[in-house]
**Student:** 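The structure's right below; bear with me while I get my questions together.
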Amino acid sequence: MDTAELHHSLSDWFDGAARDLPWRLPGRTPWGVLVSEFMLQQTPVSRVLPVWTEWMKRWPTPPDLAAAPAGDALRHWGRLGYPRRALRLHAAATAVVVRHEGEVPDRYDELLALPGVGTYTAAAVAAFAFGRRETVVDTNIRRVHARLIGGDALPAPSLTAAETRRATELLPEDEAASVRWNVAVMELGALVCTARTPACAQCPVLDRCAWVAAGRPAPTYVPKGQPWAGTDRQVRGAIMHVLRHSEHPIPRHLVHERPVDLAHGISAEFQKLYTLNAPFEQLERALNGLLADGLAEETVQGVRLPG
DNA sequence: TAACCGTGGAC
DNA sequence: TGTCCAAGGTT
């Protein structure tokens with residue numbers, strides 16, 4: 001197939017459609033790109049934007065973040081979700097200081113060795129921060145390839161070796177063109193070739209799409225829903241919410257006992273936790289899990305974010 | 001490998 | 001209204 005034409009079509013489309021995201025602007029730094037990739041893991045751009053901006057102002061370089069307590073990173077992570085990402089980003093900053101003299105490394109294997117950096121993030125940072133030719137495979141790229149090339153409505157439930165092979169085959173040989181291709185396919189997946197209701201009328205490669213040619217068949221499997229209400233994740237999230245907003249350590253008993261008087265010196269942040277009405281065993285399991293994960297620590301005064 | 005890990009907006 | 005989903009990583 002003529003992939004050169006495909007490359008040009010998407011590149012031209014990207015010129016007019018690309019969003020002006022701050023981590024893409026000319027003044028961006030590799031650190032800014034790395035931070036954005038951590039925050040964007042399973043998290044929409046719109047929610048990342050304000051947190052990223054504030055984060056970069058507070059910690060403009062890896063040594064800045066490494067010098068701060070891990071608890072500060074968790075606090076300023078806010079409500080982005082998956083707070084272990086904040087912990088790992090802090091650990092990654094420390095590793096950058098220890099192993100790389102405070103500069104984000106520019107090689108895939110060095111990036112991959114950092115805490116919280118997997119195959120996607122390592123490839124994305126190498127490509128987008130350093131202009132390297134890398135096989136970038138994220139959920140957007142997987143979906144675009146599945147439709148455009150594979151003729152399927154959705155990619156397989158988990159990443160397959162065949163998908164990665166296909167992504168590598170589609171990558172332009174030229175380094176600069178490969179970077180552009182990666183970001184353009186991602187953008188197409190984010191803005192046009194979306195999961196729920198793709199805007200095919202706006203698609204620059206509609207006439208090349210195998211899925212459209214096949215009559216847009218329905219997905220061959222049903223995505224597994226993520227249960228939420230009543231789960232440990234919900235309880236952990238509620239406890240973390242309390243810890244983020246607490247100035248002082250919280251006595252352990254307050255985590256699993258409903259206070260007699262909520263208005264008497266007890267933060268309103270507790271309400272979210274108490275209204276869950278979680279069983280004692282679940283509260284214990286959630287709290288102990290947070291302590292084991294390093295998301296919280298226990299002192300004689302009580303439980304708090306790590307120092 | 002599949003389960004686990006947060007959060008909130010869109011439809 | 002409840003379900004689905006968002007630039008994944010780790011174990």
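Below, chain A is the first sequence line, B the second, and so on; all start at residue 1.
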**Student:** Find the distance A:W77:CH2 to B:dT7:P and express it as a whole number of Å.
**Tutor:** 12 Å

**Student:** Considering every strand and a 4.0 Å limit on heavy-atom distances, what is the contact class for A:P157: base, sugar-phosphate, or nothing?
**Tutor:** nothing

**Student:** Contact list please: residues 131-144 of chain A against DNA chain C, heavy atoms, distance less than 4.0 Å, in numerical order.
**Tutor:** A:D138, A:T139, A:N140, A:R143

**Student:** NA contact type, A:R88, heavy-atom cut-off 4.0 Å: base, sugar-phosphate, or nothing?
**Tutor:** sugar-phosphate

**Student:** Show every salt bridge (charged side-chain N to carboxylate O under 4.0 Å, His left out) that has at least one partner inside residues 177-198 of chain A, sequence neighbours left out.
**Tutor:** A:D15-A:R180, A:R19-A:E187, A:R24-A:E187

**Student:** Looking only at heavy atoms, what is the nearest atom pair of A:V136 and A:Y120, with distance?
**Tutor:** CG1-CE1, 3.5 Å

**Student:** With a non-hydrogen cut-off below 4.0 angstrom, is A:Q226 in contact with a base, only sugar-phosphate, or nothing?
**Tutor:** base

**Student:** With the threshold set at under 4.0 Å for non-hydrogen atoms, list the residues of residues 8-27 of chain A touching DNA chain B in residue-number order.
**Tutor:** none

**Student:** Distance between the P atoms of B:dG6 and C:dT11, in whole angstroms?
**Tutor:** 14 Å

**Student:** CH2 of A:W228 versus C1' of B:dC5: gap in Å, rounded?
**Tutor:** 9 Å

**Student:** For chain A and DNA chain C, what are the first and last nucleotides along the strand, 5' to 3', with at least one atom under 4.0 angstrom from a heavy atom of the protein chain?
**Tutor:** C:dC4 to C:dT10

**Student:** From CD1 of A:I239 over to C1' of B:dG6, roughly how many Å is that when rounded to an integer?
**Tutor:** 13 Å

**Student:** Starting at atom CG of A:D232, determine the distance to atom C1' of B:dG6, rounded to an integer number of angstrom.
**Tutor:** 13 Å

**Student:** Can you list every pair that meets side-chain hydrogen bond (donor to acceptor under 3.5 Å, both in side chains) and has a residue in residues 94-103 of chain A, with sequence neighbours left out?
**Tutor:** none

**Student:** Counting any heavy atom closer than 4.0 Å, what does A:G118 reach on the DNA or RNA strands: base, sugar-phosphate only, or nothing?
**Tutor:** sugar-phosphate

**Student:** With a non-hydrogen cut-off below 4.0 angstrom, is A:T231 in contact with a base, only sugar-phosphate, or nothing?
**Tutor:** nothing

**Student:** Taking all atoms of both residues into account, what is the closest heavy-atom pair of A:T194 and A:T197, and its distance?
**Tutor:** OG1-O, 3.2 Å

**Student:** Under the 4.5 Å side-chain heavy-atom rule for ILVMFWY, direct or indirect, which residues accompany A:V300?
**Tutor:** none

**Student:** May I have the distance from A:L80 (atom CG) to B:dC5 (atom P), rounded to whole angstrom?
**Tutor:** 19 Å

**Student:** What closest approach, in Å, do A:P60 and A:W31 show between heavy atoms, and which atom pair accounts for it?
**Tutor:** O-CD1, 3.1 Å

**Student:** In chain order, what residues pass the salt bridge (Lys or Arg N to Asp or Glu O under 4.0 Å) check against A:R132, with sequence neighbours excluded?
**Tutor:** A:D106

**Student:** Taking CD from A:Q42 and C1' from B:dT7, how many angstroms apart are they, rounded to a whole number?
**Tutor:** 11 Å

**Student:** Could you see if A:V144 belongs to whatever hydrophobic cluster contains A:F14? Use Ile, Leu, Val, Met, Phe, Trp, Tyr and a side-chain cutoff under 4.5 Å.
**Tutor:** yes

**Student:** State whether A:E37 and A:R85 are salt-bridged, where the test is any N-O pair (Lys NZ or Arg NE/NH1/NH2 against Asp/Glu carboxylate O) under 4.0 Å.
**Tutor:** no

**Student:** Please list all pairs meeting ring-ring contact (aromatic ring centres under 6.0 Å, His included) that have one or both residues in residues 49-68 of chain A, counting only residues at least two apart or in different chains.
**Tutor:** A:W23-A:W52, A:W55-A:W59, A:W55-A:W77, A:W59-A:H76

**Student:** Tell me which residues in residues 280-294 of chain A lie within less than 4.0 Å of DNA chain B, going by non-hydrogen atoms.
**Tutor:** none

**Student:** Nearest whole angstrom, please: distance from the C1' of B:dT1 to the CG of A:L159.
**Tutor:** 13 Å

**Student:** Using a strict threshold of under 4.0 Å (side-chain N to carboxylate O), is an ion pair present between A:D293 and A:R236?
**Tutor:** yes

**Student:** Mind calculating the distance between CZ (A:R79) and C1' (B:dC5) to the nearest angstrom?
**Tutor:** 17 Å

**Student:** Considering only nitrogen or oxygen atoms on both sides, find all protein atoms under 3.5 Å from nucleotides 2-4 of chain B and state each distance.
**Tutor:**
residue : atom : partner : partner atom : Å
B:dA3   : OP2  : A:K224  : NZ           : 2.6

**Student:** Looking only at atom C1', what distance separates C:dA7 and B:dA2, rounded to whole Å?
**Tutor:** 22 Å

**Student:** So do A:N140 and A:L188 actually touch side chain to side chain, heavy atoms under 4.5 Å?
**Tutor:** no

**Student:** With nearest nucleotide decided by heavy atoms, which residue, A:P44 or A:T119, maps closer to the 5′ end of DNA chain C?
**Tutor:** A:P44

**Student:** Expected output is a numbered-order residue list: members of residues 191-201 of chain A with a heavy atom under 4.0 Å from any atom of DNA chain C. What is it?
**Tutor:** A:A195, A:R196

**Student:** What residues form a side-chain contact (heavy atoms from CB on, under 4.5 Å) with A:P44, not counting sequence neighbours?
**Tutor:** A:S46, A:R47

